[in-house]
Amino acid sequence: MRPPAAPAPADPPGPGPEPEPGWNVALRRLLGDPYVFVATGPRRHEEWARDVLAVLRREVADPRGRPGLDADRTGPGRDAVPAYPFAPPPAERFPAYLRPLERAAAVGALAVMSEEWQFEPAPVRSRPDREAVLADARTLLDRYGPDAEYWTNAVAAGSGPAPDFVAAGLRGTASYTFLTGAYVNGLDLCDDLGLIAVSADEVGVFWSVGAC
């Protein structure tokens with residue numbers, strides 16, 4: 001009598017779902033709650049301010065298809081102001097509004113955008129997870145590569161490219177505003193802090209907005 005055949009080996013388990021990209025996780029964890037605009041567009045011009053304007057006006061899509069944050073993309077504010085909440089200067093006037101930042105300062109600027117403009121109970125400088133907040137900011141900026149340049153509308157950067165945004169906190173940071181003065185939906189837009197990342201191929205825009 002022939003011995004019974006051995007059972008066929010079970011199929012190996014599949015690889016399972018792919019982990020969520022680090023960009024998505026860091027974006028949601030760091031900036032998912034406050035009023036922050038985040039978008040990236042292609043860099044097509046040597047004068048990259050033109051590409052930043054295209055991002056602020058929602059004229060371009062993310063080159064890698066990654067998510068951003070834009071609560072006003074389909075809001076009624078854009079019926080009154082097409083680039084709402086922004087009323088940015090023309091490209092040739094950008095140098096009057098922006099100052100360069102070192103990467104470490106850019107990380108700090110992005111980290112404090114996790115704070116609220118009004119009545120922030122826990123600024124980043126005093127949070128027990130401060131290093132995790134800064135790590136998420138670095139993850140988002142890593143996208144633009146080691147040679148990226150950074151720019152901000154913060155007044156503090158006028159005296160040098162390394163202001164300590166974490167020490168100052170969001171409410172302690174004055175800026176040259178890019179916001180519209182239009183009164184829409186009962187909101188006054190009263191404060192903003194912006195960070196622009198410029199690489200050879202992309203421009204990233206991160207903008208925290210205070211409304212009351």
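Heavy-atom basis, side chains included; hydrogens, waters and symmetry copies ignored.
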Taking only residues two or more places apart in sequence, or in another chain, which ones meet Y144 in a ring-ring contact (aromatic ring centres under 6.0 Å, His included)?
-> none
Closest approach of R130 to V166 (non-hydrogen atoms, all atoms of both residues) = CZ-CG1, 4.0 Å
Salt bridge or not for D72 and R78, using N-O below 4.0 Å?
-> no
Any chance the rings of F206 and F37 have centres within less than 6.0 Å?
-> no
Less than 4.0 Å between a side-chain N and a carboxylate O, is that true for R44 and D51?
-> no
Minimum heavy-atom distance T173-A154, with the two atoms named = CG2-CB, 4.0 Å
Under 4.5 Å between any side-chain heavy atoms of T40 and P63, yes or no?
-> yes
Backbone of T177 reached by a side-chain donor or acceptor of N153 within 3.5 Å = no
Minimum side-chain heavy-atom gap P85-Y35 below 4.5 Å | yes
Criterion side-chain contact (heavy atoms from CB on, under 4.5 Å) against V203, the qualifying member of V60, V52, L53 | V52
Would you check if there is a donor-acceptor pair between the side chains of S199 and R143 at a distance under 3.5 Å?
-> no
Is the backbone of A122 close enough, under 3.5 Å, to the side chain of E120 for a donor and an acceptor to pair up by distance?
-> yes
Salt-bridged, R64 to D201, with N to O below 4.0 Å?
-> no
Salt bridge between E131 and R125, side-chain N to carboxylate O under 4.0 Å?
-> no
For the side chain of E102 and the backbone of A162, is there at least one donor-acceptor N/O pair under 3.5 Å apart?
-> no
May I ask you to test the P82-R57 pair for a side-chain heavy-atom distance under 4.5 Å?
-> no
Give a yes or no on whether the backbone of E46 and the side-chain of R43 come within a donor-acceptor separation of less than 3.5 Å.
-> yes
Interatomic distance, CG@L134 vs CG@L110, rounded to 0.5 Å, equals 9.5 Å
Minimal non-hydrogen separation, L101 against A157, with atom names = CD2-CB, 3.9 Å
Can you tell me if S208 uses its side chain to pair, donor with acceptor, with the backbone of L193 under 3.5 Å?
-> no
Of all heavy-atom pairs linking A61 and P42, the shortest is O-CD, 3.8 Å
With a 4.5 Å limit on heavy-atom distance, are the side chains of W23 and P67 in contact?
-> yes
Closest non-hydrogen atom pair, G145 against Y150 | O-OH, 4.3 Å
For A96 against R99, the heavy-atom pair lying closest together = O-NH1, 3.7 Å
Compare all side-chain heavy atoms of W207 with those of F86 and state whether any distance is below 4.5 angstrom.
-> yes
More than 12 foreign heavy atoms under 6.0 Å from CG of D79: is that the case here?
-> yes
Carefully, step by step, assess L195 and L141 under the rule side chain to side chain contact (heavy atoms under 4.5 Å, CB included).
-> CA-CA 10 Å; L195 175 67; L141 296 187; 4.1 Å; yes
Would a distance-only check, ignoring hydrogens and angles, find a side-chain to backbone donor-acceptor pair under 3.5 Å from R58 to A83?
-> yes
Is the CZ atom of R50 crowded by more than 12 outside heavy atoms at less than 6.0 Å?
-> no
Counting distance only, does the side-chain N/O of S175 pair as donor-acceptor with the main-chain N or O of D192 below 3.5 Å?
-> yes
Is there a donor-acceptor pair closer than 3.5 Å between any side-chain N or O of D164 and the backbone N or O of A167?
-> yes
